[in-house]
Amino acid sequence: MARTILKDKTALVAGADNPAGRAAALQFARAGMRILLVGDDEQAVVRLADAIIKKDGEAAELPLARNEAELAAELRAARDAIGHVHVAVNCYAFSAGEGSPEWALAFQRVLEPLLAERSFTRHLLVMPHGADAPDTPEGVWRCVVQPGAPVAAEGSEGLRAGALADALVFLAQIPPSARPTRVLLDPFHGGDHGD
């Protein structure tokens, strides 16, 4: 992927231990971003950080607390250490196969006000198609991205994780005034699609 306006900026990828989050982290790293990784599977997150670093990228893992107060403290410490998070990608709704939209929304509740304390951040919330997304707070740049099929690893049925990651990188570069609030990604099934 060619370098983009995202080069040398910071992305926080939550749910980096699932196919959607992993692909997003790798694609944002290819775009030249520094990546902060959060996930339930610590070993998978460490392997992903190592993979990004081996390709001359910058990545670090953050510990994960399932308690909102501890999570807020951890995210605040990370934000204070790096100065600013430019893009926050929340893929928690696709963790553990079926997904965990409740934790995705809890994570979002903690993340948005914390990042808004500093300055503008783009929030990309990846949720299953049909899931109810929370209302967007005033002054927050959030786009809800809803794959129309399960996010799958390469060679599996469903929306390719790489295609989702490409869409996320594209959306992160949209000017603030042109932000879509919701995007539905429909996998190509072949055959006649009509008009």
Side-chain angles (χ1 to χ4, degrees), residues 1-65 70-95 103-104 107-126 139-145 151 161-176 178-179 183:
M1 167 179 275
R3 296 294 177 162
T4 66
I5 62 170
L6 301 174
K7 183 174 171 24
D8 297 327
K9 293 187 168 73
T10 302
L12 183 147
V13 179
D17 52 341
N18 68 56
R22 177 180 170 75
L26 290 169
Q27 207 67 325
F28 279 110
R30 285 185 195 111
M33 296 189 83
R34 292 180 297 273
I35 312 298
L36 295 174
L37 303 167
V38 179
D40 293 321
D41 183 342
E42 186 178 337
Q43 291 179 339
V45 171
V46 168
R47 283 192 304 272
L48 179 55
D50 289 344
I52 290 169
I53 291 167
K54 283 181 185 170
K55 294 187 180 212
D56 296 324
E58 294 180 58
E61 321 84 55
L62 295 175
L64 177 67
E70 289 176 13
L71 178 63
E74 290 170 359
L75 291 174
R76 183 179 308 282
R79 182 212 57 197
D80 292 347
I82 61 164
H84 183 60
V85 174
H86 300 88
V87 177
V89 181
N90 185 347
C91 294
Y92 266 120
F94 283 92
S95 296
W103 181 239
F107 192 89
Q108 204 69 24
R109 276 194 307 272
V110 170
L111 185 65
E112 285 179 336
L114 182 73
L115 296 182
E117 291 174 5
R118 285 281 171 89
S119 61
F120 178 78
T121 299
R122 288 173 168 83
H123 297 261
L124 299 166
L125 175 57
V126 183
V140 170
W141 192 104
R142 182 202 295 153
C143 178
V144 175
V145 180
V151 176
L164 170 61
D166 288 343
L168 294 172
V169 169
F170 172 77
L171 290 168
Q173 296 178 80
I174 290 176
R179 167 188 60 92
V183 172

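When reading the values below, keep in mind they use all heavy atoms of this one structure, side chains included, and skip hydrogens, waters and symmetry mates.
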L75 side chain reached by F107 side chain, heavy atoms, under 4.5 Å: yes
Atom CD of E42: over 12 foreign heavy atoms under 6.0 Å: no
Qualifying residues under salt bridge (Lys or Arg N to Asp or Glu O under 4.0 Å), relative to R47, sequence neighbours excluded: none
C91 and R22, any side-chain heavy atoms less than 4.5 Å apart: no
Non-hydrogen side-chain atoms of V169 and R30 separated by less than 4.5 Å: no
Any V145 side-chain heavy atom under 4.5 Å of L164 side chain: yes
pair M33-E58: side-chain heavy atoms closer than 4.5 Å: no
Residues, nucleotides or ligands: over 12 heavy atoms within 6.0 Å of E117 CD: yes
Pairwise side-chain contact, K9 with V87, heavy-atom cut-off 4.5 Å (strictly under): no
Residues that R34 engages under side chain to side chain donor-acceptor pair (under 3.5 Å), provided they are two or more places apart: T10
pair H84-R79: side-chain heavy atoms closer than 4.5 Å: no
Pairing residues for A49 by the side chain to side chain contact (heavy atoms under 4.5 Å, CB included) criterion, not counting sequence neighbours: L37, A59, E61
Flag side-chain contact, heavy atom, 4.5 Å: V13 against V38: no
Passing option when C143 is tested against L171, L125, V126, L168 for side chain to side chain contact (heavy atoms under 4.5 Å, CB included): L171
L12 and its side chain to side chain contact (heavy atoms under 4.5 Å, CB included) partner, picked from V89, V85, I35, T121: V85
Atom pair CG/CG of N90 and L124 - distance to nearest 0.5 Å: 10.0 Å
Rounded distance [0.5 Å steps], CG in N18 versus CG in D40: 9.0 Å
By side chain to side chain contact (heavy atoms under 4.5 Å, CB included) - contacts of F170 (at least two apart): I174
Residues that E112 engages under side chain to side chain donor-acceptor pair (under 3.5 Å), provided they are two or more places apart: Q108, R142
Heavy-atom pair with the smallest gap, counting every atom of A23 and A161: CB-O, 3.4 Å
Residue list, side chain to side chain contact (heavy atoms under 4.5 Å, CB included) with R109, at least two apart or on another chain: E68, L105, A106
